[in-house]
Number of protein chains: 2
Amino acid sequence: MAKNASSSKPVAVRQRGVTMSDVAKHAGVSRTAVSFVLSNRENASISEETRARIAEAVQALGYRPNAGARALASQRSDWYGIVTEIVTAPFAVDIIKGAQDQAWLDRRFLLIAPSDQADALGPNQGMEDAATEKLLEQRVEGLLYAATYHRGVHVPESANEVPTVLINCFDADGRLPSIVPDERAGGRVAVERLLQAGHRRIGVINLDPDIPAAVGRVAGAREALADAGLELDPELVVAGYATADGGYDAACQILDRYPAKERPTALFCLNDRMAMGAYDAIKERGLAIPGDIAVIGFDNQELIAAYLRPKLTTVALPFEKMGALGVQTLAALTAGQPITADQQLVDCPLLERSSV
Amino acid sequence: MAKNASSSKPVAVRQRGVTMSDVAKHAGVSRTAVSFVLSNRENASISEETRARIAEAVQALGYRPNAGARALASQRSDWYGIVTEIVTAPFAVDIIKGAQDQAWLDRRFLLIAPSDQADALGPNQGMEDAATEKLLEQRVEGLLYAATYHRGVHVPESANEVPTVLINCFDADGRLPSIVPDERAGGRVAVERLLQAGHRRIGVINLDPDIPAAVGRVAGAREALADAGLELDPELVVAGYATADGGYDAACQILDRYPAKERPTALFCLNDRMAMGAYDAIKERGLAIPGDIAVIGFDNQELIAAYLRPKLTTVALPFEKMGALGVQTLAALTAGQPITADQQLVDCPLLERSSV
DNA sequence: GCGGGGTAGTAACTCGCGTTACCTTCAGGC
DNA sequence: GCCTGAAGGTAACGCGAGTTACTACCCCGC
């Protein structure tokens, strides 16, 4: 509207809008020359002197390229999109951080589109579809889908139009490359640590046994025990809600079931929140951590693990690395490289603190 | 490159790229007509029948507008940018959530640019400047700066080119509108709650006394006491590191300094992490919460406050609302409305749980 | 039968930039 | 004296839309 103000005041010409043409005029060359210099085309023949003049003009005028126009003309956008419920439920926010950092390194922009967790990545995906659509309107060159917790998801149809990578979740139909934590190895490393500390009788505070995290972690625990010639006593595996209260209840059950001599000397809690509750149960009974009962967690939720007293030894979910890997994988895909693996497992490192 | 494949295979015409012209052709009208219909111009005269034909063509072809082209032509982008260290240090991630949600409601896109906390919003702002510059290249119509904790900041020069709003921080030079929590009212409400529960002798576990959060919250506490005819006993105010350990140490000092009779019956912890440590100190001494000692926190870090046992009564930092308000303020500014207030204070509501 | 005024729609220009094709100048070789 | 080739550029088109100015048609009243 109102290019030359027929309205009232003769406002300053136009605050924004130093274009390449302006730079060209200032430098006394053609716009094409400016374009060549700015996009650093080696094969174009522009004398050093002209280059310098142009650079000086850019400086003088405070020229700033218009990313949209550039994308339009060059038919590429330098943007990836990520649609995620993490913004809503920030448990796994480090995925975004990892992805952002990697994108930034690659000189790319990450458009973050939120999705409600309510219907997120599930069968009825109102917001999902809208978000995906919006991102495609921005002409993103690739899509990431990230979930707060490891699970199977359904991705909107339109995601098929550009390369797509799943982070911390996997495609129920198995079509899309995905990046997930190596839960099994994580469970193994946790129990190995307890075994190494001399514990033979180990209680497990389990999540909902059906979710991928639980399946993997328990399987890993079983493997570690088997390697030591031990078996996982089903009686010592107690499931509970994935909260501090759930952990408290489960820990009480395990601790109170046996006389002191037969009581497990260590608890493997499948997440840190439950470990937080287990701490309470243990302390209430006058037992010391790790003296009487060692505790090991999972997830490495800093706010809990680093602040519990004693600090909680736990297995970290490699969120940040997963985010970065997601962007890298996407970069490979958009560059036309074939997918190396359908599902990439990322290591869950053990973080030693003071509870074992 | 390679528009019509001189390379090898005659690939499908072009996966992406149904344009308005295609739609127009399919509907048997001019591109202009399509544009008019899609942008819903009421004054344009297009018959209902033609409108329907166009809508049908859009459907049939799966047309998706090109946001970049639209922005270029219309000279407006529908984008706001937010540069923030929150991605790096996700303490205040709800600011992003609030801003995202509000932006989404307003049909706008929020470009999130990360900034290292190391030099974030401080005097030497490498990443800051780069992020701001990148956002301006995208032609964002407004900028938000968000900090993880309430403090004064310096904003890059170039931010002056578009409307700018600060969230959870304020401009050291006082030029930019900002949105910050009402720390003072928060401190007041916390102590009022303790007074109402009958406590007269209240210990305060303080942060670094110089930061805005501490100044405000303590001032508010003092006010509440004054209203009740009491004074804040300087001996009962102990500062510590803003961690669980810091809270533990401070709580020990306060609790051990007096014989049981003179001991404070309530602790106001200026953040939840310190409250977490205070819990330990109290429990260690065989005291009950809230029976012997009531505890009230600040910040409402869900992961702590909702999972401590007993659950922590605390004052919430209204991050989400601040984010939303930031976007709203920006919307007002970009719409040309004058700024109503330099600094908007947002209420910190009391969250009753079980520790008082 | 002619002007006026609405209705329905289109041609053409623009936004800022990438890119291809072409043009000029000058030096060197035969 | 003519041709060739490189250096140093420029004109012009296209990307996908928004927007303005203008045309063509029809109905109505006088």
Whether A:Thr88 side chain and A:Ser115 backbone form a donor-acceptor pair below 3.5 Å = yes
When the distance from CZ of A:Arg41 to P of D:dA7 is rounded to whole Å, what number comes out?
-> 15 Å
Compare the minimum distances between each of C:dG16, D:dT19, D:dA17 and the side chain of B:Phe36, then state the nucleotide with the smallest one.
-> D:dT19
What nucleic acid atoms does B:Ser74 come within less than 4.0 Å of, heavy atoms only: base, sugar-phosphate, or nothing?
-> sugar-phosphate
CG of B:Asp78 versus P of D:dA17: gap in Å, rounded?
-> 15 Å
Between P of C:dT10 and NZ of B:Lys25, the distance in whole Å | 14 Å
A:Ser21 near the nucleic acid: base, sugar-phosphate alone, or nothing, with a heavy-atom cut-off under 4.0 Å?
-> nothing
Kindly say if A:Arg70 contacts the phosphate of C:dG18, meaning a side-chain N or O under 4.0 Å from OP1 or OP2.
-> yes
Distance-only donor-acceptor check, side chains A:Gln344 and A:Thr329, under 3.5 Å = yes
Mind checking A:Val34 for me? I need base, sugar-phosphate or nothing, with any heavy atom below 4.0 Å counting as a touch.
-> nothing
Can you name the salt bridge (charged side-chain N to carboxylate O under 4.0 Å, His left out) partners of A:Arg70, sequence neighbours left out?
-> none
Test item: A:Thr334 side-chain N/O and A:Leu330 main-chain N/O as donor-acceptor pair under 3.5 Å | yes
Report the distance from atom CD1 of A:Ile54 to atom C1' of D:dG8, rounded to the nearest whole Å.
-> 11 Å
Quick one: which of C:dG16, C:dT10, D:dT10 gets closest to the side chain of A:Val29?
-> D:dT10
For A:Ala73, side-chain contact (heavy atoms from CB on, under 4.5 Å) partners two or more places apart | none
With nearest nucleotides of DNA chain C determined for B:Thr50 and A:Pro65 from heavy-atom distances, which residue corresponds to the more 5′ nucleotide?
-> B:Thr50
Nucleotide nearest B:Ile46 when distance is taken to its side chain, options C:dG18, C:dT20, C:dG9 | C:dG9
Take atom NZ in B:Lys97; do more than 12 heavy atoms of anything else shown fall under 6.0 Å from it?
-> yes
Is A:Ser35 near enough to C:dG18 that one of its side-chain N or O atoms lies under 4.0 angstrom from OP1 or OP2?
-> yes
Between CD of A:Gln75 and P of C:dG16 the distance, given in whole Å, is 19 Å
Return the 5'-most residue of the pair B:Thr32, B:Ala69 with respect to DNA chain D, ranking by each residue's nearest nucleotide.
-> B:Ala69
Given atom CZ of B:Arg31 and atom P of D:dT19, what is their separation to the nearest angstrom?
-> 12 Å
Name the nucleic acid region contacted by B:Leu72, choosing base, sugar-phosphate or nothing; use a 4.0 angstrom heavy-atom cut-off, strictly under.
-> base
For the side chain of B:Ser30, starting at C-beta, report the closest nucleotide among D:dC15, C:dA11, D:dA17.
-> C:dA11
OP1 or OP2 of D:dA7 less than 4.0 angstrom from a side-chain nitrogen or oxygen of A:Ser47, does that happen here?
-> no
Distance in angstrom units between A:Asn66 CG and C:dT14 C1', rounded = 14 Å
C:dT19 P sits how many Å from A:Leu38 CG, rounded?
-> 13 Å
